[in-house]
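When a residue number appears, it is its place in the shown sequence, counting from 1.
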Amino acid sequence: PANPRENEALSAWCADRIPHVRGGHFGPCQAIAVLRGNSVAAVAVFHDWQPAFATLQASIASEAPRWASVDALRALLRYAFVTAKANKLWTAVPHDAARVLKFNAGLGLKPEATLRSHFGHKRHAVISSMMRSEWERSRWNMEAAHG
């Protein structure tokens, strides 16, 4: 985003499309839009930065499933591990969001834990993550992919 107001608008766009975040906000965050033409196709919000541990949470929402090109995914993961210098990128996804969990697994995020009733009564959160060392060896790292 060009300025804090645009960052706030993009993070609100994302929050409004995630049922367990809708009506709320991410707190201090960095939003990154994926554009298709002149339209926002998806927004990734990087939040819950813990500098002492270099951990960063990501939340993503999209308008259509075809937003996730290899280049877009590489850029988003590069932001987390190169720009933000995260050692660990993690997500919290409702246990019944099968498509999102499959997407995360396809990216290489590994399930770590299930938080019981985290998103309400009997709606559990699956915590998945990718470590910097895993990203460095992955196809998502441009240097590794071309080296």
Taking all heavy atoms of Ala54 and all of Trp49, pick out the closest pair and write down the distance.
CA-CH2, 3.6 Å

Return the minimal non-hydrogen interatomic distance between Ser128 and Pro111, and the atom names on each side.
OG-CA, 3.6 Å

Here the salt bridge (charged side-chain N to carboxylate O under 4.0 Å, His left out) pairs for residues 122-131, sequence neighbours left out, are Asp96-Arg123

Is the side chain of Arg132 donor-acceptor paired with the backbone N or O of Leu89 at a distance under 3.5 Å, no angle test?
no

To the nearest 0.5 Å, how far apart are CG in Asn141 and CZ in Arg74?
8.5 Å

Which donor-acceptor pairs under 3.5 Å do the side chains of residues 28-45 make with protein atoms, sequence neighbours left out?
from	atom 1	to	atom 2	distance (Å)
Gln30	NE2	Asn7	OD1	3.3
Arg36	NH2	Trp67	O	2.8

So, using side-chain hydrogen bond (donor to acceptor under 3.5 Å, both in side chains) as the criterion, who are the partners of Glu8 when residues are at least two apart?
none

Enumerate the residue pairs fulfilling side-chain hydrogen bond (donor to acceptor under 3.5 Å, both in side chains) with a member in residues 14-27, sequence neighbours excluded, ordered by first and then second residue.
Arg17-Glu63

Should Trp140 and Val70 count as side-chain neighbours, where that means a heavy-atom distance under 4.5 Å?
yes

How would you list, by chain and number, every residue that makes a side chain to side chain contact (heavy atoms under 4.5 Å, CB included) with Leu101, sequence neighbours excluded?
Val93, Val126

With ILVMFWY side chains joined below 4.5 Å, transitively, what does Leu115's cluster contain besides itself?
Trp90, Ile127

In Å and rounded to the nearest 0.5 Å, what is the OG to CG distance from Ser138 to Leu77?
7.0 Å

Could you pull out all residues at least two apart from Lys85 that satisfy salt bridge (charged side-chain N to carboxylate O under 4.0 Å, His left out)?
none

Rounded distance [0.5 Å steps], CG in Leu109 versus CZ in Phe103
9.0 Å

Under 3.5 Å, is there a donor-acceptor pair linking the side chains of Thr91 and Asn104?
yes

Give every residue pair that meets the salt bridge (charged side-chain N to carboxylate O under 4.0 Å, His left out) criterion with at least one member in residues 97-111, sequence neighbours excluded.
Lys110-Glu134

Out of curiosity, does Val21 fall in the hydrophobic cluster containing Ile60 (side-chain heavy atoms, cut-off under 4.5 Å, transitive links)?
no

Partners passing side chain to side chain contact (heavy atoms under 4.5 Å, CB included) against Ala84 (at least two apart in sequence or in another chain)
Leu56, Tyr79

Under a 3.5 Å distance rule, please check whether His124 uses its side chain to pair with a backbone N or O of His95 as donor and acceptor.
no

Could you list the residues that satisfy side-chain hydrogen bond (donor to acceptor under 3.5 Å, both in side chains) with His47, not counting sequence neighbours?
Ser59

Could you give the distance from CD (Gln57) to CZ (Phe26), rounded to the nearest 0.5 Å?
8.0 Å

Those residues at least two apart in sequence (or on a different chain) that pass side chain to side chain contact (heavy atoms under 4.5 Å, CB included) with Ala75 are none

For a quick test of reading the model, state the closest non-hydrogen atom pair linking Phe81 to Met131 and the distance between them.
CE2-C, 3.9 Å

Working to the nearest 0.5 angstrom, can you tell me the gap between Trp13 CH2 and Ile18 CD1?
9.5 Å

Salt bridge (charged side-chain N to carboxylate O under 4.0 Å, His left out) involving Glu112 - partner list, sequence neighbours excluded:
Lys88

